[in-house]
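Below is one structure; the comments refer to it alone.
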Number of protein chains: 2
Amino acid sequence: MINPMYLTIVEDIKQKISSGQLKPSDAVPSENALCKEYGASRMTVRKGLAILANDGYIYSIPGKGSFVRKPELNKYTIYYDEMNNSINTVDQSRLLEVNIIMPDEKLAGELQTTINKNVIVIRRLFYTEGKPVAYDIKYLLYSKGMPIVEKELEQATFPEMVSGSMSAFSLKKELAIYAQMPDKEVKQYLNIYDELALLVVEQRIYNEEKKPIGFCMTYFRGDYIKLKGSSD
Amino acid sequence: MINPMYLTIVEDIKQKISSGQLKPSDAVPSENALCKEYGASRMTVRKGLAILANDGYIYSIPGKGSFVRKPELNKYTIYYDEMNNSINTVDQSRLLEVNIIMPDEKLAGELQTTINKNVIVIRRLFYTEGKPVAYDIKYLLYSKGMPIVEKELEQATFPEMVSGSMSAFSLKKELAIYAQMPDKEVKQYLNIYDELALLVVEQRIYNEEKKPIGFCMTYFRGDYIKLKGSSD
DNA sequence: TAGTGGTCTAGACCACCTA
DNA sequence: AGGTGGTCTAGACCACTAA
């Protein structure tokens with residue numbers, strides 16, 4: 001056999017689901033039935049079903065059976081890196097400001113901290129072939145191990161800045177994406193003289209306990225960014 | 001015991017990784033070592049390791065061992081539905097056009113078909129509280145089971161339109177997201193009189209063999225859409 | 001009570017890697 | 001040759017569900 005037996009089971013059931021022979025909320029044959037059908041032991045059958053469950057094809061209810069799941073029609077995976085997107089790569093970065101400030105009330109609320117706690121501000125401009133393509137501003141709660149070398153700060157993405165000071169495995173991250181007209185300040189930074197739309201990406205990073213660690217806004221020239229996502 | 005043993009193993013190793021006690025590319029103790037450490041059988045240990053591998057914490061190399069994976073810092077999951085986003089819900093939809101056309105060369109290329117094959121066009125306007133918020137245009141290769149009832153077409157999302165004619169499990173989908181200024185046509189449709197940015201979302205749907213089934217562009221008023229994504 | 005999935009064991013053989 | 005992970009077995013006991 002080229003394939004291990006559990007993969008044969010997986011492929012067979014996937015095929016039955018994809019072809020419509022098994023429809024959402026239909027029952028998959030019981031583990032014992034599959035054992036007999038394939039002449040396999042129960043652990044082997046269960047390994048196959050575990051893979052199907054992990055891939056989102058089925059779910060199991062103790063005492064009842066395994067059933068075909070309704071597919072998630074709206075789910076996509078996106079890889080976001082403020083320095084690289086599907087139509088552009090930042091080849092140069094300029095540090096506009098690195099500072100320690102007291103947050104105003106809005107920022108303090110965003111970071112769930114108080115206005116007398118120090119916050120690091122990092123403002124950068126991203127360039128491609130000498131032209132400014134994005135304006136980036138980050139606010140970080142200080143913690144040990146933060147990069148403070150300018151060369152590092154110029155090149156680091158948001159998660160990278162934080163992952164120096166803690167294991168990146170425990171980070172929770174959120175994105176918000178929207179379109180907006182530039183204000184005067186951003187127009188100046190990005191050399192925008194005529195009408196041009198901005199793509200704005202907000203990033204929030206939390207620790208394991210969902211406490212905010214950092215907040216970031218990146219304003220991309222609309223003609224220099226395209227984000228891509230895909231299912232599976 | 002409240003937790004099954006394999007979950008204890010999972011939590012222990014996750015904790016060691018999150019705390020930095022085990023770093024990326026470090027070796028996880030071998031299966032036999034874990035068997036002894038927890039007094040468990042090998043299958044139980046392997047079940048724990050399989051979960052860690054599935055969650056992206058470790059990977060295994062036959063003959064060598066299991067190792068801590070570098071976390072994916074840039075990965076996000078986004079749920080996209082042209083009718084619903086994090087700041088707005090479409091409460092009404094108007095069908096502008098349902099038609100069968102011969103594609104021009106650009107569209108034929110996009111759908112990897114020829115200019116003498118029929119293509120369905122569906123153009124819609126989305127409203128919120130009586131105001132137009134998005135202009136939506138879809139091109140579909142015809143196949144059996146397509147919805148052709150107007151009421152269905154008004155309310156269906158792109159994947160829903162296609163999933164009537166085939167199992168949604170076999171679909172591959174892609175998104176592209178960018179910002180753009182509206183042209184005259186879109187300005188009219190969306191009642192835009194002053195400067196307003198558009199968020200444009202392109203959707204592509206493919207069948208199992210990666211052959212295109214449909215292509216869709218949705219132009220959102222920038223003030224009526226915010227897409228959200230998150231890690232894990 | 002019979003059937004279901006969830007957990008777990010104590011073996012086995014294999015292919016692979018390192019020394 | 002000895003250790004590693006990958007596959008597989010033939011049992012076991014449990015909690016849950018349904019008739």
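Side chains are part of it too, since the values below use all heavy atoms of this structure and drop only hydrogens, waters and symmetry mates. The sequence lines fix the lettering, A, B, ..., with proteins before strands; numbering per chain opens at 1.
- Of all the residues in residues 48-60 of chain B, not one reaches under 4.0 Å from DNA chain C with any non-hydrogen atom.
- Qualifying salt bridge (charged side-chain N to carboxylate O under 4.0 Å, His left out) partners for B:Glu202, counting only residues two or more places apart in sequence or in other chains: B:Arg204.
- A:Thr44 has a side-chain polar atom (N or O) that falls below the 4.0 Å cut-off from OP1 or OP2 of D:dT9.
- Sorted by first then second residue, the salt bridge (charged side-chain N to carboxylate O under 4.0 Å, His left out) pairs that include residues 134-143 of chain B, not counting sequence neighbours, are B:Glu82-B:Lys138, B:Arg124-B:Asp136, B:Asp136-B:Lys138.
- For B:Ser19, the side-chain hydrogen bond (donor to acceptor under 3.5 Å, both in side chains) criterion is met by no residue, not counting sequence neighbours.
- Comparing atom distances between the A:Tyr6 side chain and each of D:dT9, C:dC8, D:dT7 picks out D:dT7 as nearest.
- Nucleotide C:dG5 holds its C1' atom 10 Å from the NZ atom of B:Lys47, rounded to whole Å.
- Per the geometry, CE belonging to B:Met43 stands 13 Å off P belonging to C:dT7, to the nearest Å.
- Of the residues in residues 27-39 of chain A, those placing a heavy atom less than 4.0 Å from an atom of DNA chain D are A:Gly39, in numerical order.
- Using cut-offs of 30° and 60° on the angle between ring planes, the pair A:Tyr219 and A:Tyr135 is parallel.
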For residues 169-176 of chain A, run the donor-acceptor check on the side chains, cut-off 3.5 Å, and write out each pair with its distance to 0.1 Å, sequence neighbours left out.
{"unit_1": "A:Ser170", "atom_1": "OG", "unit_2": "A:Ser167", "atom_2": "O", "d": "3.0"}
{"unit_1": "A:Lys172", "atom_1": "NZ", "unit_2": "B:Asp232", "atom_2": "OD2", "d": "3.0"}
{"unit_1": "A:Lys173", "atom_1": "NZ", "unit_2": "B:Leu73", "atom_2": "O", "d": "2.4"}
{"unit_1": "A:Glu174", "atom_1": "OE1", "unit_2": "A:Tyr206", "atom_2": "OH", "d": "3.4"}
{"unit_1": "A:Glu174", "atom_1": "OE2", "unit_2": "A:Lys210", "atom_2": "NZ", "d": "3.0"}

Fill in the blank from the handout: 5' to 3', nucleotides 13-19 of chain C under a 4.0 Å protein heavy-atom cut-off (B base, S sugar-phosphate only, - none) gives ---BSS-
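- Rounded to whole Å, the distance from CZ on B:Arg46 to C1' on D:dT7 is 8 Å.
- With sequence neighbours left out, B:Asn207 forms a side-chain hydrogen bond (donor to acceptor under 3.5 Å, both in side chains) with B:Glu209.
- A:Ala40 is linked by a side chain to side chain contact (heavy atoms under 4.5 Å, CB included) to A:Met5, A:Tyr38, A:Thr44, A:Val45, counting only residues two or more places apart in sequence or in another chain.
- By the side chain to side chain contact (heavy atoms under 4.5 Å, CB included) test, A:Lys23 pairs with A:Asp26, sequence neighbours left out.
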Would you tabulate the side-chain donor-acceptor contacts of residues 84-91 of chain A under 3.5 Å, counting partners in other chains and residues two or more places apart, or write 'none'?
{"unit_1": "A:Asn84", "atom_1": "OD1", "unit_2": "A:Thr89", "atom_2": "OG1", "d": "3.3"}
{"unit_1": "A:Asn84", "atom_1": "ND2", "unit_2": "A:Asp81", "atom_2": "OD2", "d": "3.2"}
{"unit_1": "A:Asn85", "atom_1": "OD1", "unit_2": "A:Ile87", "atom_2": "N", "d": "3.0"}
{"unit_1": "A:Asn85", "atom_1": "OD1", "unit_2": "A:Asn88", "atom_2": "N", "d": "3.3"}
{"unit_1": "A:Asn85", "atom_1": "OD1", "unit_2": "A:Lys226", "atom_2": "N", "d": "3.2"}
{"unit_1": "A:Asn85", "atom_1": "ND2", "unit_2": "A:Tyr224", "atom_2": "O", "d": "3.3"}
{"unit_1": "A:Ser86", "atom_1": "OG", "unit_2": "A:Lys226", "atom_2": "O", "d": "2.7"}
{"unit_1": "A:Asn88", "atom_1": "OD1", "unit_2": "A:Thr128", "atom_2": "OG1", "d": "3.2"}
{"unit_1": "A:Asn88", "atom_1": "ND2", "unit_2": "A:Thr128", "atom_2": "OG1", "d": "2.9"}
{"unit_1": "A:Asp91", "atom_1": "OD1", "unit_2": "A:Glu129", "atom_2": "N", "d": "3.4"}
{"unit_1": "A:Asp91", "atom_1": "OD2", "unit_2": "A:Glu129", "atom_2": "N", "d": "2.8"}

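- Aromatic ring orientation, A:Tyr139 versus A:Phe215: parallel (interplanar angle below 30°, classes split at 30° and 60°).
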Please list every donor-acceptor pair under 3.5 Å in which a side-chain atom of residues 55-66 of chain B meets a protein atom from a residue at least two apart or in another chain.
{"unit_1": "B:Asp55", "atom_1": "OD2", "unit_2": "B:Lys14", "atom_2": "NZ", "d": "3.3"}
{"unit_1": "B:Ser60", "atom_1": "OG", "unit_2": "B:Ser66", "atom_2": "OG", "d": "2.8"}

